Structure formats: C-alpha cells, structure tokens
Amino acid sequence: MRSEVRKAIRRPSGRVTNLTLLAALILALLTGLGALATGSAAGRWVVLGHGIVGLAVLLLTPWKSVVVRRGLRRTGTSRWISVLLGVLVAISIGTGLASSTGLARSIGGQHTMWVHIAASVALLPLLVWHVVVRRPRPRAVDLSRRTLLRTGALGVTAAALYGVVEATTRLADWPGSRRRFTGSHEIGSFDPTSMPSTIWLNDTVPHIVGDQWRLEVTDASSLRSFTLADLPNARVTRRATLDCTSGWFAQQDWTGVPVAALLDDVGAARSLRVQSVTGYWIRFPIEDVDSLLLATGVGGAPLARRHGFPARLVAPRRRGFWWVKWVERIEVDDAPPWWQPPFPLA
C-alpha cells in the first residue's frame, strides 16, 4: 500500500496536472461564490471548503511550474494570456491568504477581499479561454486507482495545510484569529461613524432631502405612500450584524419600523421586493417579512447619508448586499423569491 501511495504522489503528467488544476480552480470559484452568499453559520462549511481548495491550487504549483516552463517556449499571444492567467491565480491565492490571516486588510486603498474577488472574476474568462484553446482531454485511465490516491493525497494535504494556517493565525494572535465565520473582520461595531460605507458595484450615494422622500408600499390589497414623519410609531431597536462581502462586519443597534408593520395583507404573495432610489433591488421570501426591519437610525442617531438615510433595510443572517440602502419601494409579489440573479447586477 505504501508503494502505491508513493507512486501516486509522484509528479503526474502535464495533462493530468492541467486537468487537476482545472477541476480545483472551478471548485474554488464555485465555493467562493457560495462563501460570498452565505450569511448564517450553517454555511460555514462552504467557506471552509473554499479555503482548502485554494490551498490545493497552491500545492499544485510545483507540478504546474514544469508545464509552464515548457509552455513558455511557445511564441504568440497565447503564451502571454497563459502568463496573465497564472499571475491572476497567484494574486487570488495571495490575497485570500492575506485576508484570512488579517496580515493585509487593504491593498492600494481597497479591501483585500475585494482585490481577491476582482482577481478571481478577472481570471474566469481567461480560464474559459484556456480550456477552449488547450483542452486537456480526459481519458479512461484518469479514473484509475492511482488517480484516486493522488487526488485523496492532495485533498488531505490541503486540509492539513489549512489547519496549520489556522493554528498559526491563532497562536500568533494575528487579526485573522478574530474574523467571523464568513472570513470578515470586525470594523466599527457599536460605532456607526467608524463603520465603512461600502456600496454595491456602481451605486453612488444619492442626495435625498428628508422632507421630500417618499416610501411606496404595495401589499395584496392597497398602495400607500409614507413620508418619514408618516412612518408608523411602532419603532423597535434590534441588534444585527452587517457582514459585507468586501471582508468586514459590524454589529450595531438598529432602530426603525418592522417591515411587517407596513403591510396590511400579503395575500398569497410568494416574495417581497425591496428597491432603492438608485434602482438597486432585492427579492426576499415572503416568510422573511417578520425578520426584516426598515431602519431609520443606528446607534441612537439618524442614519448618515452614506449608511442609507433616510431608511435602509436590516436583514439579519444575510450578507450586506441584501441590506438595501435608500429604500423607496416595498412590494409583495407573486414571483418566487429565487426569480432574481444570485448576486445583484447593478
């Protein structure tokens, strides 16, 4: 058995290396998307899997370097595209490690996690190009016992390396030892003025005059319009954690009106659509209505413009892109809650 394992971990052929690396990169991208989406502890395993797969890609580097050296002898545009792909993979892995350990919280004024995400998104079309132009062709022999042992050895080694990185982070008391299960680091908890004001993609902070702001609420039986002063007096304060996909989180006490208090009749609606004055929108399962809060204040003070004045959504156990800022419309809908992009497009 030992001899079989030793044979399995010997350097595989370039074709097998490329196939293994391709599978690892695809799995890393899929688990990365899952890690961005998860907002509850139940999704912790996706973040864990993403970290392990990322380290598996790192472990494949020595084998891939042999293939790269041969590829660099080629001439033409394809060589430089392949080099760019390799650079982006290196940046993605490096920034992922820097963010998880907390040793580099920002790069060039940007959150390290955003740099990690940007590099991962940028490499996707190059990865597709690489597969199309230089298709590594699977063979029946790839399903051999040796391949299974090699894959298992890679997975076990990557998991062990992940454990070493985590243990080192905690023993050294690096900032990453205090990160949330999503990988995010705490910034500005119970101090709204210190809380970042990250905006999704191309949204900008709108200039809203409080006296002129209107909220339209459509339920199954009526359409109503509220001014800021008209909002129901049933104000409550709820403690909730805003966890942004750019790699930070903050726990705050949010004050506002429960969304359920704004709706008289949801009828047979299947979802709740919440829209910002910027056009940004999110659709929630109708079952989430009781947990949602239309916040007008945080930390005992009115919302700042950059944090969503005059009203923003508080959506506990969901990532920050669900927390719609500058809300202007809330409506029940017959469409299913999944009838939307997995991530907002604007």
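Sequential numbering from 1 along the given sequence is applied to the chain's residues. Everything numeric in this text was worked out from a predicted model, so none of it was measured.
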Colleague: Once you round to the nearest 0.5 Å, how far does NE2 of His116 lie from CD1 of Ile93?
Modeller: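 Those atoms lie 9.0 Å apart.
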Colleague: Decide yes or no for Gln252 and Val314: does some side-chain heavy atom of the first lie under 4.5 Å from some side-chain heavy atom of the second?
Modeller: no
Colleague: Do the side-chain N and O atoms of Ser120 and Ser92 include a donor-acceptor pair separated by under 3.5 angstrom?
Modeller: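 A pair is found: one side chain offers a donor N or O, the other an acceptor, under 3.5 Å apart.
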Colleague: Which pairs, with at least one residue in residues 207-218 and sequence neighbours excluded, count as a salt bridge (charged side-chain N to carboxylate O under 4.0 Å, His left out)?
Modeller: Glu216-Arg329
Colleague: According to the ring pair (Phe, Tyr, Trp, His ring centres under 6.0 Å) rule, which pairs have a member within residues 148-192, sequence neighbours left out?
Modeller: none
Colleague: Partners of Arg270 by side chain to side chain donor-acceptor pair (under 3.5 Å), sequence neighbours excluded?
Modeller: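 If we apply the side chain to side chain donor-acceptor pair (under 3.5 Å) test to Arg270, skipping adjacent residues, there are no hits.
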Colleague: Taking the ring centre of each residue, are Phe284 and Trp322 less than 6.0 Å apart?
Modeller: yes
Colleague: I'd like to check the side chain to side chain donor-acceptor pair (under 3.5 Å) partners of Asp265; sequence neighbours left out, ordered by chain and number.
Modeller: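 Once residues adjacent in sequence are excluded, Asp265 has no partner under the side chain to side chain donor-acceptor pair (under 3.5 Å) criterion.
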Colleague: When Ile, Leu, Val, Met, Phe, Trp and Tyr are grouped by side-chain heavy atoms lying under 4.5 Å apart, directly or through other members, which residues fall in the same group as Val46?
Modeller: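 Via sub-4.5 Å side-chain contacts, Val46 links to Trp45.
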Colleague: What residues form a salt bridge (Lys or Arg N to Asp or Glu O under 4.0 Å) with Asp191, not counting sequence neighbours?
Modeller: none
Colleague: Just do the side chain to side chain donor-acceptor pair (under 3.5 Å) check on Thr255 and Thr237 with the steps written out, would you?
Modeller: CA-CA 4 Å; Thr255 301; Thr237 297; 2.9 Å; yes
Colleague: Using links of under 4.5 Å between side-chain heavy atoms of ILVMFWY residues, direct or through other members, which residues join Val156 in one cluster?
Modeller: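 Noted: Val156 shares its cluster with no other residue.
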Colleague: Find out whether Arg238 and Pro258 are in side-chain contact, i.e. whether some heavy atom of one side chain is under 4.5 Å from a heavy atom of the other.
Modeller: yes
Colleague: Please say yes or no: joined through hydrophobic side-chain contacts below 4.5 Å, possibly via intermediate residues, are Val47 and Leu161 part of one cluster?
Modeller: no
Colleague: At what distance, to the nearest 0.5 angstrom, does CD1 of Ile208 lie from CH2 of Trp326?
Modeller: 8.0 Å
Colleague: Taking only residues two or more places apart in sequence, or in another chain, which ones meet Asp334 in a side chain to side chain donor-acceptor pair (under 3.5 Å)?
Modeller: none
Colleague: Return the CG to CD1 distance between Leu85 and Ile81, rounded to the nearest 0.5 Å.
Modeller: 9.5 Å
Colleague: Can you list every pair that meets salt bridge (charged side-chain N to carboxylate O under 4.0 Å, His left out) and has a residue in residues 161-174, with sequence neighbours left out?
Modeller: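 Listed once each, the pairs are Glu166-Arg170, Glu166-Arg179, Asp173-Arg178.
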Colleague: By the salt bridge (charged side-chain N to carboxylate O under 4.0 Å, His left out) test, which pairs, at least two apart or in different chains, include something from residues 299-318?
Modeller: Asp288-Arg318
Colleague: Check whether the side chains of Thr198 and Trp248 place a donor and an acceptor atom closer than 3.5 Å, and report yes or no.
Modeller: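 Trp248 and Thr198 do have a side-chain donor-acceptor pair below 3.5 Å.
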Colleague: Can you tell me which residue among Leu292, Val289, Asp219, Leu215 is in a side-chain contact (heavy atoms from CB on, under 4.5 Å) with Leu262?
Modeller: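 By the side-chain contact (heavy atoms from CB on, under 4.5 Å) criterion, Leu262 pairs with just one of Leu292, Val289, Asp219, Leu215: Leu215.
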Colleague: Taking a hydrophobic cluster as the set of Ile, Leu, Val, Met, Phe, Trp and Tyr residues connected by side-chain heavy atoms closer than 4.5 Å, whether directly or through intermediates, do Val53 and Ile117 fall within one such cluster?
Modeller: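 Val53 does not cluster with Ile117.
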Colleague: Hey, could you give me the CG/CG distance between Leu21 and Leu59, rounded to the nearest 0.5 Å?
Modeller: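 It comes to 11.5 Å.
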Colleague: Under a single-linkage definition using a 4.5 Å side-chain heavy-atom cutoff for Ile, Leu, Val, Met, Phe, Trp and Tyr, are Val205 and Phe309 assigned to the same hydrophobic cluster?
Modeller: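 Val205 clusters together with Phe309.
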Colleague: OG1/Thr241 to CH2/Trp254 distance, rounded to the nearest 0.5 angstrom?
Modeller: 10.0 Å
Colleague: Under the 3.5 angstrom rule, does the side chain of Thr112 hit a backbone N or O of Ala104 as a donor-acceptor pair?
Modeller: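 Yes; judged by distance alone, with no hydrogens or angles, the pair exists.
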Colleague: According to side chain to side chain donor-acceptor pair (under 3.5 Å), who are the partners of Thr227, at least two apart in sequence or on a separate chain?
Modeller: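 Only Asp230 meet the side chain to side chain donor-acceptor pair (under 3.5 Å) criterion with Thr227.
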Colleague: Looking at OG1 of Thr218 and CD1 of Ile330, how far apart are the two atoms once the value is rounded to the nearest 0.5 Å?
Modeller: 10.0 Å
Colleague: Does any part of the side chain of Leu103, heavy atoms only, come nearer than 4.5 Å to the side chain of Thr169, both counted from C-beta?
Modeller: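 They are not in contact (no side-chain heavy atoms under 4.5 Å apart), so the answer is no.
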Colleague: Checking side-chain contact (heavy atoms from CB on, under 4.5 Å) for the pair Ile187/Met195: CA distance, chi angles, key distance, verdict?
Modeller: CA-CA 6 Å; Ile187 302 178; Met195 186 172 66; over 6 Å; no
Colleague: With clusters defined by side-chain heavy atoms of hydrophobic residues (ILVMFWY) lying less than 4.5 Å apart, directly or transitively, does Leu25 cluster with Leu27?
Modeller: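 No, it is not one cluster - the side chains of Leu27 and Leu25 are not joined through contacts under 4.5 Å.
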Colleague: Can a donor-acceptor pair be found, under 3.5 Å and without considering hydrogens, that links the side chain of Thr31 to the backbone of Ala28?
Modeller: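 It does hold such a pair.
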Colleague: Give every residue pair that meets the salt bridge (charged side-chain N to carboxylate O under 4.0 Å, His left out) criterion with at least one member in residues 25-51, sequence neighbours excluded.
Modeller: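 Sorted result for residues 25-51: empty, none.
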